[in-house]
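A quick write-up on the structure given underneath.
The shown structure was predicted, so the numbers you read here are calculated from the model rather than taken from an experiment.
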Number of protein chains: 2
Amino acid sequence: MKIQTYDISRTASAATLIFDAIREAIIKGDLTQGEPLRQEDIARAFNVSRIPVREALLKLEQHGLITSQRYKGAVVAGLSLAEASEIFEFRALLEPEVIRRAVPHMSPQILEEAAQCCEAFARADDPMQWGDLNRRFHTTLYAASGLPYHLEVLNKAMDRIDPYLRAQLLLSDGMQRANREHHLIVDACKSGQADMAADLTRQHILGAQESLSRYWQK
Amino acid sequence: MKIQTYDISRTASAATLIFDAIREAIIKGDLTQGEPLRQEDIARAFNVSRIPVREALLKLEQHGLITSQRYKGAVVAGLSLAEASEIFEFRALLEPEVIRRAVPHMSPQILEEAAQCCEAFARADDPMQWGDLNRRFHTTLYAASGLPYHLEVLNKAMDRIDPYLRAQLLLSDGMQRANREHHLIVDACKSGQADMAADLTRQHILGAQESLSRYWQK
DNA sequence: GACTCCCTTATTGGATACAATATACGCTTT
DNA sequence: AAAGCGTATATTGTATCCAATAAGGGAGTC
């Protein structure tokens with residue numbers, strides 16, 4: 001008998017599960033800036049002691065998603081527009097290079113998957129999905145870059161600004177433009193134009209940053 | 001009576017102290033790749049329970065300095081040349097931009113401090129100091145960039161490759177070249193040539209990467 | 001009434017104790 | 001002797017308890 005069995009408890013500790021759950025909640029905007037995170041409350045909610053909760057909170061702090069003070073507790077970290085803006089610039093520096101390096105190694109499967117993400121993104125009607133699909137689209141394209149460290153750092157950066165990304169897609173022309181630009185990027189990748197893809201990616205990011213800044217001003 | 005007293009326990013938890021200590025040990029090469037880190041041993045060494053040790057280990061893992069497996073423990077993370085090389089490329093992407101942005105805001109004090117680092121670096125006879133001074137030199141110059149996120153990420157990156165950086169300085173012409181290039185960078189900063197400083201920084205990093213790769217080949 | 005001091009309470013940091021899991025060794029079987 | 005199995009031991013993950021600290025409220029003083 002050969003059944004593929006997988007034991008979740010082998011890979012995930014309680015701390016990890018809690019971390020993931022809270023991370024999701026913050027990223028998706030269910031927990032907002034300043035929301036206090038009491039160890040005991042969370043422990044009760046997950047039916048565990050405070051120990052794994054503390055580990056989860058530590059990881060969240062390392063990721064910059066919460067800030068905590070000794071003997072005072074943790075709160076969901078806020079990100080000023082300026083801080084978010086800097087992270088957009090950070091992305092604008094990294095992602096073009098990443099995609100440039102990825103293009104030569106993109107298999108037809110990857111391109112297909114990216115295109116599907118793109119389609120799904122265009123058709124999705126639930127704003128909650130937009131953020132996810134948008135992100136999956138980009139990570140799919142970047143996966144072939146062979147730059148794991150860049151991707152790791154990039155993921156953390158994306159986590160931090162995720163609420164802003166979602167907000168940006170909700171702006172009047174946010175989805176429309178993202179969609180258009182995604183298609184252009186995929187096309188560039190398909191035709192092997194690495195530099196073009198890099199350029200488009202850069203514009204894509206800086207455009208998002210700018211539209212976000214403009215909106216916040218008003 | 002007004003003495004500036006600072007109570008370590010107010011700002012630093014045991015976990016933080018342990019983290020710093022182990023981080024230093026790894027960075028300076030006292031703990032090398034694969035070295036197992038037993039919670040209980042460390043706890044005994046610091047005269048604390050395993051709880052703060054676990055926190056420290058978690059942070060170290062987040063920084064990529066150790067890798068740990070459930071129920072198996074943590075070991076000092078190794079970094080293949082390829083991985084280190086990728087991080088050098090990462091730096092080559094970020095640091096030029098950071099210094100370019102910093103140049104316009106460099107006060108005479110900062111320039112003075114950087115120059116002093118440079119001098120000290122040139123004169124230091126203890127190879128152990130080289131790494132520290134080299135790093136202080138760069139961080140001093142970057143501080144004025146107004147890009148805190150970039151710097152945070154950069155610091156983590158530097159932590160990971162620190163042993164390689166030290167190794168690189170120990171190569172035959174490592175110090176000599178680093179020294180020469182540092183001076184060029186400071187000069188460019190002093191004369192406000194941001195793009196020049198960026199270019200020099202990029203070459204400085206890629207040069208180090210290349211010489212390291214060449215050496216490892218042999 | 002405002003201020004200070006002290007105490008109570010809520011909350012986090014750390015220590016000890018227990019549970020879950022992996023590894024190593026010896027035993028059995030062939 | 002080699003392979004497979006089970007137990008012993010070491011090590012990590014988690015729960016429970018205690019200690020340290022911060023925040024708030026009330027009594028007393030001016």
Comparing K72(A) with N47(A), nearest DNA chain D nucleotide closer to 5' gives the residue N47(A)
Could you identify which residues of residues 49-59 of chain A place a heavy atom less than 4.0 Å from some atom of DNA chain C, listed by residue number, or say none? R50(A), I51(A), R54(A)
Which atom names give the shortest non-hydrogen contact between I26(B) and L65(B), and what distance separates them? CD1-O, 3.9 Å
Take D41(B) and A15(A), find for each the nucleotide of DNA chain D with the closest heavy atom, and name the residue whose nucleotide sits nearer the 5' end. D41(B)
Report the residue from E95(A), R91(A), H182(A) that forms a side chain to side chain donor-acceptor pair (under 3.5 Å) with H204(A). H182(A)
Closest heavy-atom contact between R70(B) and A12(A)? CZ-O, 4.0 Å
What's the CZ-C1' distance between R38(A) and dA23(D), to the nearest Å? 11 Å
Whole-Å distance between dG24(D) P and Y71(A) OH? 19 Å
Do you know which two heavy atoms are closest between I27(A) and R135(A), and how far apart they sit? CD1-NH1, 4.4 Å
Nearest to side-chain heavy atoms of E40(B), which nucleotide of dT12(D), dG13(C), dG14(C): dT12(D)
Close side-chain approach of E83(B) to P148(A), heavy-atom, < 4.5 Å: no
Nearest to the side chain of S13(A) - dG13(D), dA15(C), dA22(D)? dG13(D)
Closest of dT12(C), dT12(D), dA15(D) to the Q39(B) side chain is dT12(D)
Can a salt bridge be assigned to the pair D162(B) and R166(B) using a cut-off of 4.0 Å between side-chain N and carboxylate O? yes
